[in-house]
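One structure is given below, encoded as structure tokens.
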6 protein chains.
Amino acid sequence: MNKIEFESASEDVQAVYKDICTTRNVPDVNNFWKYLANEPRMLRHVWESLKDIMGPGALDPLTKELIYLAISVSNNCPYCMASHAAAARAKGASEEMINEVYAVTGLANMTNRLANAYQVPVDDQFQPPGTGGEAA
Amino acid sequence: MNKIEFESASEDVQAVYKDICTTRNVPDVNNFWKYLANEPRMLRHVWESLKDIMGPGALDPLTKELIYLAISVSNNCPYCMASHAAAARAKGASEEMINEVYAVTGLANMTNRLANAYQVPVDDQFQPPGTGGEAA
Amino acid sequence: MNKIEFESASEDVQAVYKDICTTRNVPDVNNFWKYLANEPRMLRHVWESLKDIMGPGALDPLTKELIYLAISVSNNCPYCMASHAAAARAKGASEEMINEVYAVTGLANMTNRLANAYQVPVDDQFQPPGTGGEAA
Amino acid sequence: MNKIEFESASEDVQAVYKDICTTRNVPDVNNFWKYLANEPRMLRHVWESLKDIMGPGALDPLTKELIYLAISVSNNCPYCMASHAAAARAKGASEEMINEVYAVTGLANMTNRLANAYQVPVDDQFQPPGTGGEAA
Amino acid sequence: MNKIEFESASEDVQAVYKDICTTRNVPDVNNFWKYLANEPRMLRHVWESLKDIMGPGALDPLTKELIYLAISVSNNCPYCMASHAAAARAKGASEEMINEVYAVTGLANMTNRLANAYQVPVDDQFQPPGTGGEAA
Amino acid sequence: MNKIEFESASEDVQAVYKDICTTRNVPDVNNFWKYLANEPRMLRHVWESLKDIMGPGALDPLTKELIYLAISVSNNCPYCMASHAAAARAKGASEEMINEVYAVTGLANMTNRLANAYQVPVDDQFQPPGTGGEAA
């Protein structure tokens with residue numbers, strides 16, 4: 001698929017590009033959006049979802065970038081690792097913080113497999129609220 | 001494999017159990033450790049790694065629990081999801097925060113695949129520090 | 001491992017190569033088979049499985065190529081993404097169809113994690129036929 | 001997290017529930033939405049994305065359900081497997097078609113790993129349109 | 001899907017069941033085959049592949065069962081974990097060996113992510129034979 | 001992140017590097033450690049875990065390298081595939097053995113999905129020791 005630049009984009013795509021540039025205060029959208037524009041409906045849905053969720057909320061934006069980075073490492077998406085590490089740094093992440101994200105990602109991948117290997121039953125005190133598990 | 005309780009554990013295993021209980025100020029270790037004790041070397045290594053990394057550091061302990069939770073959801077480890085959601089709540093996570101972690105995890109899994117599908121090339125401005133990519 | 005060309009292949013491997021070329025009406029096998037020929041038993045089993053399943057059946061060949069492409073994107077196999085996208089195009093897939101495959105793949109990866117995150121119980125009406133779930 | 005029924009939902013959530021019921025011509029939304037409603041923003045984004053992409057488009061809705069099912073199997077999401085198999089059956093999928101989806105999913109997971117194991121280079125004829133690879 | 005018992009199976013399926021029972025010296029096939037028989041072509045291909053590869057070869061059968069177990073843990077397939085752990089035990093695996101398999105599986109999942117996180121370049125001495133990397 | 005060479009490393013990192021070189025009888029550590037040294041705590045924990053588990057134990061070191069290789073292929077970690085294939089060859093693995101590892105990895109990834117697709121219930125005889133499943 002080709003990269004779709006602003007000039008050659010449809011009006012719908014241009015509108016999303018403009019909103020990204022305005023929201024993020026950047027002069028141009030990054031490559032992810034230029035490729036995703038091959039599917040204009042997804043371009044719009046993905047952007048609207050990210051704009052809504054990744055901004056301020058119950059969690060601060062930096063924390064969410066770090067979670068995004070951790071998932072991207074765990075799933076082995078080189079583009080996403082690069083873009084979300086850059087976004088995390090832009091939001092104030094130090095190299096020490098990035099390194100800790102990688103450490104936690106590695107450890108979680110290890111213990112996820114160990115817990116599954118032993119088919120560890122969930123302790124009563126870890127049952128989520130709203131189920132019968134946490135009862136007296 | 002059987003669950004190994006304190007009373008029937010070897011001295012090495014008991015020493016790890018005691019350190020977990022002391023460090024976390026809990027009366028007993030949770031099931032994960034009781035199963036992992038079938039491999040006493042891993043019990044010790046995993047515990048020492050988690051004790052070192054998941055405590056205070058460049059990131060606060062709650063942020064690291066949330067990252068751990070996100071990876072556990074992404075990898076589909078029900079035990080780890082339950083235990084790290086509980087740990088996050090114990091460290092102050094609200095339900096709104098947990099819900100946002102799930103949202104970010106879902107979005108990252110979507111865009112990870114979209115970026116890989118289009119084989120999006122990394123933008124120059126996202127090249128990590130220390131490589132040639134960010135040059136003038 | 002080296003790529004094994006027809007001339008330097010064993011008779012067993014050559015027989016598989018010839019069957020691939022005849023079945024697909026191509027002058028030479030693609031790289032996947034030339035590397036897999038390092039394990040001649042797997043070469044034969046994989047080819048016989050693909051020949052049997054990917055041809056006409058309950059589903060048409062194009063639909064199966066698109067499913068193959070979707071899995072390859074989801075698993076991040078660049079070679080498989082390239083070869084099955086090419087095969088889908090050769091069987092009539094438009095760029096719009098390829099883009100929709102990517103969209104569905106992204107969405108499924110998102111909702112798979114969200115359903116697991118919330119540990120959503122299966123609705124009675126979704127219980128598979130043959131279980132007690134779909135009862136009167 | 002609790003399941004959120006229509007009666008106890010916020011107005012925003014009720015609006016999404018109503019749109020799902022109208023669009024799908026069903027009396028009530030299935031459990032996935034009732035749990036996702038714990039994060040009302042994601043409820044709306046996921047629904048709007050699915051409504052847009054999973055309806056008629058370049059691919060017919062049944063084909064897209066089968067792709068969704070294949071990804072859900074590959075990612076091991078039991079809820080999604082059950083709901084999308086049910087949706088595929090409702091849109092006309094025979095048991096033979098479902099079985100072929102499983103077969104293709106299994107084969108793709110096998111050959112994805114074999115292609116990665118041998119680090120198979122992409123053949124020139126498989127280079128995507130728009131790159132230099134397909135040149136004369 | 002229903003489980004297909006020998007009595008109600010087609011002749012083709014019965015022939016595979018008989019070969020499994022003879023090869024493994026068991027009175028009946030295990031559940032995996034009874035479900036896979038819903039897709040008789042895959043039943044035959046999967047069985048022929050496993051019969052060929054999992055028997056004596058360059059690696060002994062026990063080693064191959066342990067690898068199969070490790071992958072099944074890593075991919076979180078509870079059925080496969082149970083059946084291949086049982087097969088490994090039947091071929092002589094001790095509990096200590098099973099525990100080490102789990103340990104290696106956990107460690108590999110951790111270091112796989114760490115190596116990807118840092119995008120570690122492959123050392124010259126690790127370049128596979130047949131490439132330019134191992135040169136003088 | 002930058003690669004950290006011995007000369008510019010902290011004393012803690014140098015101590016780990018020295019232990020790796022002594023234990024493995026090599027003149028320098030490979031790139032994995034030089035990048036992981038950006039997080040000195042993980043450098044030490046990962047090394048101590050690998051030193052302990054990957055040496056002689058219930059399983060011989062070659063078997064463990066092959067399992068490590070299989071997981072690395074399954075997870076698609078190119079660095080880990082290269083380094084553990086090299087380590088396996090150094091410990092005596094033939095090309096036939098490496099090819100069989102790839103074959104088993106491919107087959108397990110296929111049958112893992114098929115078993116999950118059919119939600120195959122675990123046979124009584126495969127229930128792990130210590131549960132009620134293996135009863136008379």
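It should be emphasised that the depicted structure is a prediction, and the values quoted were computed from it without experimental measurement. Excluded from the calculations below are hydrogen atoms, water molecules and symmetry mates; all remaining heavy atoms, backbone and side chain alike, are included. Below, read A as the first sequence line, B as the second, and so on, with proteins coming before strands; counting in each chain starts at 1.
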- Which is it for D/N112 and C/Y79 under the side chain to side chain donor-acceptor pair (under 3.5 Å) test, yes or no, and what are the steps along the way? CA-CA 8 Å; D/N112 284 181; C/Y79 182 85; over 6 Å; no
- Task: Decide side chain to side chain contact (heavy atoms under 4.5 Å, CB included) for C/R113 and D/N75; before the verdict, give the C-alpha distance in whole Å, the side-chain angles of both, and the deciding distance to 0.1 Å.
- Result: CA-CA 9 Å; C/R113 270 64 184 198; D/N75 285 340; 3.2 Å; yes
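When side chains are defined from C-beta on, D/M110 does not count as touching C/H45, because their heavy atoms never get closer than 4.5 Å. The side-chain heavy atoms of C/F32 and D/L114, taken from C-beta on, include a pair separated by under 4.5 Å.
Remark: the backbone N or O of C/P121 is paired with a side-chain donor or acceptor of D/N31 at under 3.5 angstrom. Checking side-chain atoms of D/E100 against main-chain N and O of C/L59 turns up a donor-acceptor pair under 3.5 Å.
If you measure heavy-atom distances from D/V73 to chain C, you find no contacts under 4.5 Å at all. Both the backbone and the side chain of D/E39 come within contact range of chain C, judged by heavy atoms closer than 4.5 Å. Heavy-atom distances place both the backbone and the side chain of C/A115 under 4.5 Å from chain D.
Among the candidates C/K64, C/M54, C/E96, C/K34, the residue making the largest number of heavy-atom pairs closer than 4.5 Å to chain D is C/K64. Ranking C/A90, C/A108, C/S74, C/A103 against chain D, the residue ahead of the rest is C/A108, based on heavy-atom pairs under 4.5 Å. Comparing C/N99, C/L69, C/L107, C/N38 by heavy-atom pairs within less than 4.5 Å of chain D, the highest count is held by C/L107.
Across all their heavy atoms, D/A70 and C/I71 have their closest contact at O-CD1, 3.5 Å.
Atom CG of C/L66 sits about 10.5 Å away from atom CG of D/L66, to the nearest 0.5 Å. Between C/I67 atom CD1 and D/T63 atom OG1 the span is 7.5 Å, to the nearest 0.5 Å. Of the inter-residue distances, the one linking D/N76 atom CG with C/N116 atom CG reads 7.5 Å to the nearest 0.5 angstrom.
Inspection of the C/Y68 and D/T105 side chains reveals no N or O donor paired with an N or O acceptor under 3.5 Å.
Between D/Y35 and C/Y118, the ring planes are tilted. Angles from 30° to 60° get that label.
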